[in-house]
Protein chains: 2
Amino acid sequence: MGSFRLEDARAANRAAPLSKARRKADAAADYLQNSMACKAEIGSSIRNAAKGTVIYCQDDPASVRYEVVSGVICTSYLFADGRRQVTGFCFKGEVFGTDHGFYKSSAEVVSETAQIRRIRWGDSADDERALNNALELVENSILLIGRRTALSRIAAFLVDLRSRTGNAHWIPLPMSRADIADYLGLTVETVSRTFSQLIRKRLIAQPKHHLVRIIDQDRLNALAGMGSDTNPPITSEP
Amino acid sequence: MGSFRLEDARAANRAAPLSKARRKADAAADYLQNSMACKAEIGSSIRNAAKGTVIYCQDDPASVRYEVVSGVICTSYLFADGRRQVTGFCFKGEVFGTDHGFYKSSAEVVSETAQIRRIRWGDSADDERALNNALELVENSILLIGRRTALSRIAAFLVDLRSRTGNAHWIPLPMSRADIADYLGLTVETVSRTFSQLIRKRLIAQPKHHLVRIIDQDRLNALAGMGSDTNPPITSEP
DNA sequence: CGACGCCTTGACCCCAGTCAAGTGTGGTGG
DNA sequence: CCACCACACTTGACTGGGGTCAAGGCGTCG
């Protein structure tokens, strides 16, 4: 079940990033079936998956959640009119697919390759941690998406990614511009233009399309509207 | 602790809807302290609170969560630069304040009056239900906020509120235009204009500022980009 | 090599932000 | 009882940011 809507939306959606993913998913279906015991994790099943692999589809029955071992996962929601809202990106150690009953969004691998661990519900301590993790991620997303200007959104997006990937200056951006656009509520063109703008202003560098180096963290923070933690930009009246 | 940021932001924020709330909160502080045993709920403490009452502040230590018994609660996050992002509205039966460690947002009563129930963490079945409830609400918010046009956002906002309040046609809108604007990432003027537009087009009626009647649910759904559930707007190619 | 996807850049225009003024409405004090 | 004010909301005029349409670069695959 659950897939017919995806097909409909694919037909209607001009960009249709999931269509390719869907085809790849079909091809790699059985590949997904057998879990790869890569590094002999303790009793849990870890899967290898290539870019474009769909982990689960919107409206599929939800039985397990997943943890990202390596790579990046993108979860997205397809509207009936074909528009797409990317609900989040998941990096190493983060959890996705925490829905109850049916998955409300689809999950897709956006990095070249990814390892994900299936986790069953039942251990209440673990379950609660997972839910809290998911909640935190989504709440963070709201603070990103609610911003006014494209510049502020992109800046906040980069700042968020930097803190989550734990990288000092280099940020991997395996997702496509369309993914970022659908996440931040912008268009591909605006995303591209804004990146170019940040590069021109020497706030970031971009040796490859999918790799960003943060040059001026402070000014990026300022654009993101977070201020420098050590030097709050607000002076209260006497 | 936690309140100094609020004060700072108050000084900087032109609209500063929390400033009034803050003053009211001070005045009604002791009122809040003693829980009112209104209808003798089973062993849980229910409080009455008037409009503007702040339940908790951003960065306050988080020990309990809350359930709305009656009225409407608004949770919002204040940025260092004074901007405000409303993270959600909570109606009867919904849960807020599910943060761990410290509250990441402030919670305020926006209806004329509200009853809220304090709930301690510990009952894992209950805890998990609460977390799932919160997660669902926040994920829904993302689908609202990510929309492109103001018309689409307002329409989706109304459709969402209608389904959550369980009301057939009449929707209570106790929150201010500023709250709605800060929720959807718009300005008060745009919110006001959009409501007027919907009224002119006879999609809704608005006998009072804080009450909306949905006249044409189908067209509202269409604007919201959800289509009519019985008649999907997408035709798949053969 | 050409076809295709993805990304970038440019030109144009419209939606929504900004500034400013006007309209209730409730509260306070004379 | 009315004058006055404070506040929330509405409406208008103007402008700029970003959506839209279109063209062009660039790497990958067949």
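Numbers restart at 1 for each chain; the letters A, B, ... are given by sequence-line order, proteins then strands. Since we're looking at a predicted model, the values are computed, not measured.
In this entry the distance linking CG of B:Leu198 with C1' of D:dT10 reads 15 Å, nearest Å. Spacing between atom NZ of B:Lys208 and atom P of C:dG24 amounts to 17 Å, rounded to whole angstrom units. Regarding B:Arg200, its CZ atom lies at a distance of 12 Å from the P atom of D:dT10, rounded to whole Å. We find that CZ of B:Phe195 is positioned 14 Å from P of C:dA16, with the value rounded to whole Å. Whole-Å rounding puts the A:Leu151 CG to D:dG16 C1' distance at 14 Å.
Residue B:Ser196 places its side chain closer to D:dT11 than to any other of D:dT11, C:dC7, D:dT10. Which of C:dA16, D:dT10, C:dG17 sits closest to the side chain of B:Thr149 comes down to C:dA16. When distances are taken from the side chain of A:Ser176 to each of C:dT18, D:dG19, C:dC7, the shortest belongs to C:dC7. Out of D:dC9, D:dG18, C:dG17, the shortest distance to the side chain of A:Thr190 is found at D:dG18.
A salt bridge is absent between B:Glu67 and B:Lys92: the closest approach of a Lys/Arg side-chain nitrogen to an acidic carboxylate oxygen does not fall below 4.0 angstrom. At a threshold of 4.0 Å, the pair B:Arg84-B:Asp179 counts as salt-bridged, since one of the basic side-chain nitrogens sits closer than that to a carboxylate oxygen. Salt-bridge annotation for A:Glu94 and A:Arg164: present, with a side-chain N of the basic residue lying under 4.0 Å from a carboxylate O of the acidic one.
No hydrogens or angles were tested; on distance alone, nothing pairs the side chain of A:Glu189 with the base of C:dC7 as donor and acceptor under 3.5 Å. The base of C:dG10 lies close enough to the side chain of A:Arg193 for a donor and an acceptor atom to sit less than 3.5 Å apart. Remark: the A:Arg153 side chain and the D:dG18 base include no donor-acceptor N/O pair separated by less than 3.5 Å.
Nearest heavy-atom pair, A:Val110 versus A:Lys51, reported as atom, atom and distance to 0.1 Å: O-NZ, 3.4 Å.
Between A:His210 and the phosphate of C:dC6, there is no side-chain N or O to OP1/OP2 separation shorter than 4.0 Å. Contact annotation: B:Ser192 side-chain N/O to D:dC9 OP1/OP2 distance is not under 4.0 Å.
Using a distance-only test at 3.5 Å, with no hydrogens or angles considered, a donor-acceptor pair links the side chain of A:Arg153 to the main chain of A:Arg147.
Nearest-nucleotide positions on DNA chain C for A:His209 and A:Arg148 put A:His209 closer to the 5' end.
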